[in-house]
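Scroll down for the structure; my scribbles are underneath it.
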Amino acid sequence: MPSEPELQELHTRINAWFAGIARDLPWREAACSPWGVLVSEIMLQQTPVVRVLPVWREWLQRWPTPAGLAGEPAGEAVRSWGRLGYPRRALRLHAAAVAIVENHGGKVPDNYADLLALPGVGSYTAAAVAAFAYGRRETVVDTNIRRVHARLVSGVALPAPALTAAEMRLAAQLLPDDDGTSVRWNAAVMELGALVCTARAPKCGDCPVRDSCAWRAAGEPPPSYIPKGQAWHGTDRQVRGAVMAVLRVAEGPVPAEMFQREPADLGFAPEGIGVPLAALHRLNSAPEQLERALAGLLADGLAEVQHGGYRLPG
DNA sequence: CATCCGTGGGA
DNA sequence: TTCCCAAGGAT
């Protein structure tokens with residue numbers, strides 16, 4: 001743990017660095033509403049900024065307020081989520097909008113506890129919205145901040161596989177006392193992790209606090225564990241993704257047979273869903289896996305059955 | 001607490 | 001080409 005003067009120095013250097021290099025993202029603008037911040041935080045979960053930008057703009061133009069989104073079927077949220085991934089986030093964001101209208105008069109809550117109670121909002125997102133939308137002093141801890149703390153203070157290459165209580169305590173200790181400075185600090189450390197102190201090949205030459213880095217001082221020791229990659233090929237997730245791609249472009253309910261058999265075998269042409277349907281069939285997944293994927297989508301509320309076919313939730 | 005849940009760009 | 005992984009949350 002840095003001494004008090006060392007801590008001040010870190011605050012000063014990292015915040016000054018941020019002031020000079022911060023990307024001007026639309027949800028960082030002063031005019032951006034708390035709703036805009038909330039939407040951005042949900043979309044940014046496990047998703048790169050560059051892919052979020054265009055979808056975020058469409059969403060804020062179409063649904064400038066929580067009430068706007070809450071007034072439409074959940075399926076519209078899922079459809080307009082496009083290919084951002086993890087479509088359950090769209091479903092939960094819609095549910096959050098409904099909850100905001102019903103329980104908060106249509107206004108995004110301004111405190112951690114109320115934010116945390118919203119669907120799809122966990123500890124990170126609740127803290128981030130309270131801080132970035134309302135200027136509150138919150139301990140914001142995301143994957144970037146964890147990595148910066150791990151290297152800069154703890155002297156290890158990577159943070160633990162899962163967020164620990166010790167990490168939260170450290171983050172709380174590092175947080176500046178002043179409200180405004182703390183908000184800037186949260187954004188700055190996050191940006192440092194995203195642009196400089198990256199997971200692979202960190203750009204230490206560009207780091208404003210490289211001379212204070214415990215990991216560098218220790219000779220940049222390698223990670224003590226190997227992160228286990230996420231399986232993809234042949235998984236249910238892949239099949240679910242392919243099914244969702246079909247449902248997003250479908251006009252009406254998609255007959256169950258279309259998922260099981262080649263369109264050519266069905267004797268009629270699917271309306272506009274040929275490409276994603278072909279991609280699904282190309283996976284050549286076992287019938288039981290397809291069943292499992294469809295059942296999972298129904299259970300998650302990402303799909304509904306109507307007239308014997310599958311569609312996005314109405 | 002480990003596992004599941006999408007996607008696509010870059011190394 | 002294959003692998004990695006990016007502003008997590010829910011169970």
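These values consider heavy atoms only, across backbone and side chains, with no hydrogens, waters or symmetry-generated copies. Protein chains get the first letters and strands the later ones, always in sequence-line order, with residue 1 at the start of each. No experiment lies behind these values; they were computed from the predicted model shown.
- Rounding to whole angstrom units, CD of residue A:Gln289 and C1' of B:dC4 are separated by 14 Å.
- For the pair A:Arg151 (side chain) and A:Arg216 (backbone), a donor-acceptor distance under 3.5 Å is absent.
- Comparing the P positions of C:dA7 and B:dA2 gives a spacing of 22 Å, expressed to the nearest Å.
- For the side chain to side chain contact (heavy atoms under 4.5 Å, CB included) test, residues two or more places apart in sequence or in another chain that qualify with A:Asn111 are A:Ala113, A:Asp114, A:Arg136.
- A salt bridge is defined here as a Lys NZ or Arg NE, NH1 or NH2 lying under 4.0 Å from an Asp or Glu carboxylate O, and A:Arg28 with A:Glu191 meets this definition.
- When the nearest nucleotides of DNA chain B are assigned to A:Ala242 and A:Ala162 by heavy-atom distance, the more 5′-ward of the two goes with A:Ala162.
- Between the side chain of A:Trp27 and the backbone N or O of A:Ala133 there is no donor-acceptor pair closer than 3.5 Å.
- Using a 4.0 Å heavy-atom criterion, one finds that A:Pro161 contacts no nucleic acid atom at all.
- When rounded to the nearest whole Å, the span between NZ of A:Lys203 and P of B:dG10 equals 13 Å.
- Taking atom P on both C:dG9 and B:dG8, the two are 22 Å apart, rounded to the nearest angstrom.
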Going 5' to 3' through nucleotides 4-11 of chain C and flagging B where a protein heavy-atom sits under 4.0 Å of the base, S where only the sugar-phosphate is that close, and - otherwise, we get BSBBBBS-
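- Counting any heavy atom pair closer than 4.0 Å across all strands shown, A:Arg83 reaches sugar-phosphate atoms only and no base atom.
- We find that CG of A:Leu91 is positioned 13 Å from C1' of B:dC5, with the value rounded to whole Å.
- One atom, CG of A:Asp236, and another, P of B:dT7, lie 14 Å apart when rounded to the nearest Å.
- In this structure, CH2 of A:Trp81 is placed 12 Å from P of B:dG6, rounded to the nearest angstrom.
- Between A:Ile42 atom CD1 and B:dG6 atom P the separation is 15 Å, expressed in whole Å.
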Evaluate A:Arg79 against A:Glu72 for salt bridge (Lys or Arg N to Asp or Glu O under 4.0 Å), listing each step before the verdict.
CA-CA 12 Å; A:Arg79 192 187 305 277; A:Glu72 294 213 34; over 6 Å; no
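- Among the protein residues, A:Arg292 comes within range of no part of the nucleic acid, since none of its heavy atoms lies under 4.0 Å from any strand.
- A gap of 15 Å separates the C1' atoms of C:dA6 and B:dC5, to the nearest Å.
- The side chain to side chain contact (heavy atoms under 4.5 Å, CB included) check on A:Ser182 picks up A:Arg137, A:Leu175, A:Pro176, with sequence neighbours excluded.
- Nucleic acid contact for A:Leu84: base, since at least one base atom lies under 4.0 Å from a heavy atom of the residue.
- As a whole-Å value, the separation of A:Met244 CE from B:dT7 C1' is 13 Å.
- With rounding to the nearest 0.5 angstrom, the CZ atom of A:Phe132 is 5.0 Å from the CG atom of A:Asn186.
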